[in-house]
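Here is the structure we will look at, set down as structure tokens.
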Amino acid sequence: GAESKLKDEL
Amino acid sequence: MNVFRILGDLSHLLAILILLAKMWRSKSCAGISGKSQVLFALVFSTRYLDLFFVFISLYNLVMKVIYLLCSYITIYMIYGKLRKTYDRENDTFRLEFLLIPVIGLSFLENYDFIPTELLWTFSIYLEAVAILPQLFMISNTGEAETITTHYLFFLGLYRALYLANWIWRYHTEKFYDQIAIISGVVQTIFYCDFFYLYITKVLKGKKLSLP
């Protein structure tokens with residue numbers, strides 16, 4: 001899974 | 001940003017505005033599950049806290065503020081202004097049956113065991129099941145107002161468009177958010193039965209009534 005990246009989605 | 005995400009966000013915004021318009025015009029929240037609306041407000045409140053700490057874009061900021069405002073106005077309408085029209089007897093889904101598993105799963109499956117990530121993960125899992133009290137209420141009453149079905153259609157369409165957005169982002173930027181994707185698939189699957197009824201009945205001008 002992806003790491004906790006910038007949450008740019010709503 | 002891609003076309004699927006823009007259409008998805010607009011579909012979501014449209015759904016929220018359709019619901020507010022229905023309550024405002026008919027001065028009634030009959031057939032609307034207050035419990036689902038409480039869950040949506042909880043989803044937005046736990047996911048958009050970063051509003052105050054991280055600036056992503058004006059679009060991101062404006063949309064979060066609109067979603068938060070509309071969700072609390074919706075709750076105020078249901079439990080405040082129009083509470084006499086709230087159909088409490090049919091809105092009986094036990095929220096603890098959703099909240100406890102969602103909280104448990106958030107602690108088990110997350111990207112990072114820190115408050116902001118746990119809250120974000122909780123909001124993603126909760127959003128997947130937040131519509132269940134509303135769908136349960138419709139199965140209880142056996143029918144739904146046409147305007148309510150349009151609300152549900154655009155609400156279901158929004159996350160389906162997000163699935164397309166994730167496919168697009170995977171192929172163009174190798175973006176892959178496993179928690180959001182799996183949760184989004186589950187969320188969209190819950191709408192499939194409704195989508196079938198909406199397309200075969202409501203779009204043919206019939207009223208949505210469950211067999």
Side-chain angles (χ1 to χ4, degrees), chain A, chain B residues 1-2 4-6 8-13 16 43-44 47-51 53-57 59-68 109-121 123-124 127 158-159 161-162 165-166 169-170 173-184:
Chain A
E3 73 298 328
S4 59
K5 74 204 89 35
L6 177 74
K7 308 277 183 230
D8 65 330
E9 295 187 339
L10 288 176
Chain B
M1 179 58 92
N2 59 65
F4 301 112
R5 223 170 101 198
I6 293 176
D9 291 340
L10 292 179
S11 182
H12 193 186
L13 181 61
I16 291 170
V43 166
F44 295 144
R47 190 181 305 175
Y48 296 157
L49 284 179
D50 66 349
L51 187 70
F53 311 113
V54 178
F55 180 77
I56 291 156
S57 71
Y59 172 80
N60 193 274
L61 176 71
V62 167
M63 290 299 272
K64 286 177 177 177
V65 168
I66 292 174
Y67 286 173
L68 280 165
E109 279 303 314
N110 54 64
Y111 293 138
D112 203 353
F113 207 84
I114 56 176
T116 53
E117 274 303 308
L118 289 174
L119 282 171
W120 177 83
T121 307
S123 84
I124 291 289
E127 186 183 5
Y158 128 73
R159 214 62 181 172
L161 286 167
Y162 257 71
N165 150 63
W166 287 318
R169 290 190 76 179
Y170 181 72
E173 49 188 283
K174 285 285 168 270
F175 174 92
Y176 178 65
D177 185 341
Q178 181 168 342
I179 286 177
I181 291 171
I182 295 173
S183 190

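Letters go in sequence order (proteins before strands), and every chain restarts at 1.
- Contacts of B:Y48 classified as ring pair (Phe, Tyr, Trp, His ring centres under 6.0 Å), with partners at least two apart in sequence or in another chain: B:F44.
- In this structure, the separation between CG on A:L10 and CZ on B:R5 is 6.5 Å, given to the nearest 0.5 Å.
- The environment of OH in B:Y170 is sparse: at most 12 heavy-atom neighbours from other residues, nucleotides or ligands sit within 6.0 Å.
- By the salt bridge (Lys or Arg N to Asp or Glu O under 4.0 Å) test, B:R169 pairs with A:D8, A:E9, B:E173, sequence neighbours left out.
- There is no contact between B:N110 and chain A, counting heavy-atom distances below 4.5 Å.
- The part of B:D9 that comes within reach of chain A is its side chain, from C-beta onward, which places non-hydrogen atoms under 4.5 angstrom from that chain.
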